[in-house]
Visitor: 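One structure, as structure tokens, below. Some questions next.
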Amino acid sequence: MNLFSVTSHRGCCGGCSFCSIAPHQGRKIVSRSRKSILHEVVQLTRHSLWRGYISDIGGASAEMYGVTCQRHSCKKPSCLYPVSCKFFSPAKSYIELLRTCRRVDGVKKIFLGSGLRHDVLVRHPEVLEEIMLHHAGKSLRIAPEHTEDAVLQLMRKPPFTILEEFVNLFRSINKRLKRRIELASYIVVGHPGETIRDVLEMKKKLRALGLRHTDVQIFTPSPGTLSTAMYYTDLDVSMRPIQTEKKIKELCHRKDMMNKI
Ligand code: SF4
Ligand code: SF4
């Protein structure tokens, strides 16, 4: 973690199948108070290496800062999948936190290094605009992870249409900014259930969307996740057989294909 980076909360209620954040930080969001974060920011401005820039204020998914839910008996694995729960109310506390920290004497700019959920921002365009205006560097990073709905379902990620909607919203805001921002995306290849045809389709779709700045990772089975169970059993959550590519040469080929969009 960067010296001038601030952790505002822990945990994530996104419930993505491949992610190990919830198994080790929890599904419930635990947020620091605004006062405590503000105190840390003020302390940073007194550091001998301080130059006015904070590289990040956030957590696993930044806009989840301050999210609470009183339904303690809820056992749903995700507050966002397959659709956003009506009790899930993100983004407001986070944007208020950023506004407060921006006002601290000596703070020139706060960048965002933490992940952001594009399916949440698409429902809060005013938050996206404020982030693009005040907190983006040369690019804004999102993590759609894939474009094919069959794979996205296995990942417990929003469908491709949400990514299209987000890109349109991003572009319409970008046109109004003095300094244009690039949109960059994280993609995973080799998730259980993905076929080579899915990779070819993903390449076409990202190219059509103009998302050329893409970081590609090969799926890694990590302990405690649903995707890891799929990887070792070749079954989905309904116990239906799925194909899983495990040969490293083939997985590297998929990654190379996506690196050349
Ligand atoms: S939103 Fe991000 S941090 Fe949260 S479960 Fe999904 S991948 Fe993990
Ligand atoms: S009731 Fe909704 S917001 Fe609350 S924990 Fe369950 S899914 Fe999440």
Visitor: Can you give me the closest heavy-atom contact between Cys101 and Ile110, atom names plus distance?
Guide: CB-CD1, 3.6 Å

Visitor: Check whether Phe160 forms a cation-pi arrangement with Lys205 (NZ or CZ under 6.0 Å from the six-membered ring centre, at most 45° off the ring normal).
Guide: yes

Visitor: May I ask you to decide if Pro23's main-chain N or O and Ser20's side chain share a donor-acceptor pair within less than 3.5 Å?
Guide: no

Visitor: In chain order, what residues pass the salt bridge (Lys or Arg N to Asp or Glu O under 4.0 Å) check against Asp256, with sequence neighbours excluded?
Guide: none

Visitor: Do Met155 and His146 come within less than 4.5 Å of each other through their side chains, counting heavy atoms only?
Guide: yes

Visitor: Within a reach of under 6.0 Å around NZ of Lys76, are more than 12 heavy atoms found that belong to other residues, nucleotides or ligands?
Guide: no

Visitor: Should Ile142 and Arg117 count as side-chain neighbours, where that means a heavy-atom distance under 4.5 Å?
Guide: no

Visitor: Taking only residues two or more places apart in sequence or in another chain, which ones pass side chain to side chain donor-acceptor pair (under 3.5 Å) with Arg102?
Guide: Glu130, His135

Visitor: Donor-acceptor pair, distance only, cut-off 3.5 Å: does the side chain of Arg156 make one with the backbone of Pro82?
Guide: no

Visitor: Cut-off 3.5 Å, side chains only: do Glu63 and Ser61 have a donor facing an acceptor?
Guide: yes

Visitor: Looking at Cys19, is its backbone amide N or carbonyl O close enough to the side chain of Thr225 to form a donor-acceptor pair, meaning the two atoms are under 3.5 Å apart?
Guide: no

Visitor: Taking Glu165's backbone N and O only, do any of them form a donor-acceptor pair with Asn168's side chain (distance below 3.5 Å, no angle check)?
Guide: no

Visitor: Give me the ring orientation class for Phe4 and His47: parallel if the planes are under 30° apart, tilted from 30 to 60°, perpendicular past 60°.
Guide: perpendicular

Visitor: Do the non-hydrogen side-chain atoms of Arg240 and Leu235 ever get within less than 4.5 Å of each other?
Guide: no

Visitor: Hey, is CD on Gln217 packed in by over 12 heavy atoms from elsewhere, all under 6.0 Å?
Guide: no

Visitor: Quick check for you: to the nearest 0.5 Å, what is the distance between Cys69 atom SG and Phe87 atom CZ?
Guide: 7.0 Å

Visitor: Does Glu194 reach the side chain of Met202, with side-chain heavy atoms less than 4.5 Å apart?
Guide: yes

Visitor: Got a sec: does the NE2 of His39 have more than 12 other heavy atoms crowding it under 6.0 Å?
Guide: no

Visitor: Side-chain contact test, heavy atoms from C-beta onward, threshold under 4.5 Å: evaluate it for Leu140 versus Phe170 and give yes or no.
Guide: yes

Visitor: Would you confirm whether Thr244, through its side chain, and Pro192, through its main-chain N or O, come within 3.5 Å as a donor-acceptor pair?
Guide: no

Visitor: Between Glu201 and Lys204 (salt bridge meaning N to carboxylate O under 4.0 Å), is one present in this structure?
Guide: yes

Visitor: What is the distance from atom OG of Ser172 to atom CD of Glu129, rounded to the nearest 0.5 Å?
Guide: 8.0 Å

Visitor: How close do Leu169 and Val122 get, heavy atom to heavy atom, and via which atoms?
Guide: CD2-CA, 4.0 Å

Visitor: Could you go through Asp198 and Arg254, starting from their C-alpha distance and side-chain angles, then the distance that decides it, and tell me whether this counts as salt bridge (Lys or Arg N to Asp or Glu O under 4.0 Å)?
Guide: CA-CA 10 Å; Asp198 292 325; Arg254 290 185 188 191; over 6 Å; no

Visitor: Look only at the side chain of Asp56 and the backbone of Leu112, and say whether a donor-acceptor pair between them is shorter than 3.5 Å.
Guide: no

Visitor: Determine whether a donor-acceptor pair (N or O, by modelled atom type, separation under 3.5 Å) exists between the side chain of Ser8 and the backbone of Ile57.
Guide: no

Visitor: Compare all side-chain heavy atoms of Met230 with those of Leu226 and state whether any distance is below 4.5 angstrom.
Guide: yes

Visitor: So does Gly15 get a backbone contact from the side chain of Ser17, meaning a donor-acceptor N/O pair under 3.5 Å?
Guide: no

Visitor: Does Arg71 have more than 12 heavy atoms from other residues, nucleotides or ligands lying within 6.0 Å of its CZ?
Guide: no

Visitor: Measure the shortest side-chain to side-chain distance between Tyr53 and Leu44 over non-hydrogen atoms and say whether it is less than 4.5 angstrom.
Guide: no

Visitor: Looking at Gln43, I'd like to know if its CD atom is crowded, meaning that more than 12 non-hydrogen atoms belonging to other residues, nucleotides or ligands lie closer than 6.0 Å.
Guide: yes

Visitor: Measuring only between side-chain heavy atoms, which start at C-beta, is Arg27 closer than 4.5 Å to Cys13?
Guide: yes

Visitor: State the CD1-NZ distance between Ile181 and Lys138, to the nearest 0.5 angstrom.
Guide: 12.5 Å

Visitor: How long is the gap from SG on Cys85 to CG on Leu80, to the nearest 0.5 Å?
Guide: 9.0 Å

Visitor: Please determine if Glu40 and Arg32 form a salt bridge, counting it only when a charged side-chain N lies under 4.0 Å from a carboxylate O.
Guide: yes

Visitor: Taking atom types as modelled, is there a side-chain donor on Ser227 or His191 under 3.5 Å from an acceptor on the other?
Guide: yes

Visitor: For Lys247, does its backbone N or O pair with a side-chain atom of Glu245 as donor and acceptor, under 3.5 Å?
Guide: yes

Visitor: Inspect the surroundings of CZ in Arg197 and state if more than 12 heavy atoms from other residues, nucleotides or ligands are less than 6.0 Å away.
Guide: no

Visitor: Nearest 0.5 Å please: distance from the CG atom of Leu206 over to the NE2 atom of His213.
Guide: 12.5 Å

Visitor: Which value, rounded to the nearest 0.5 Å, describes the distance between Glu148 atom CD and Gln153 atom CD?
Guide: 11.5 Å

Visitor: So Asp215 and Arg141, salt bridge (Lys or Arg N to Asp or Glu O under 4.0 Å) or not? Walk me through it.
Guide: CA-CA 10 Å; Asp215 281 335; Arg141 286 194 178 277; 3.0 Å; yes

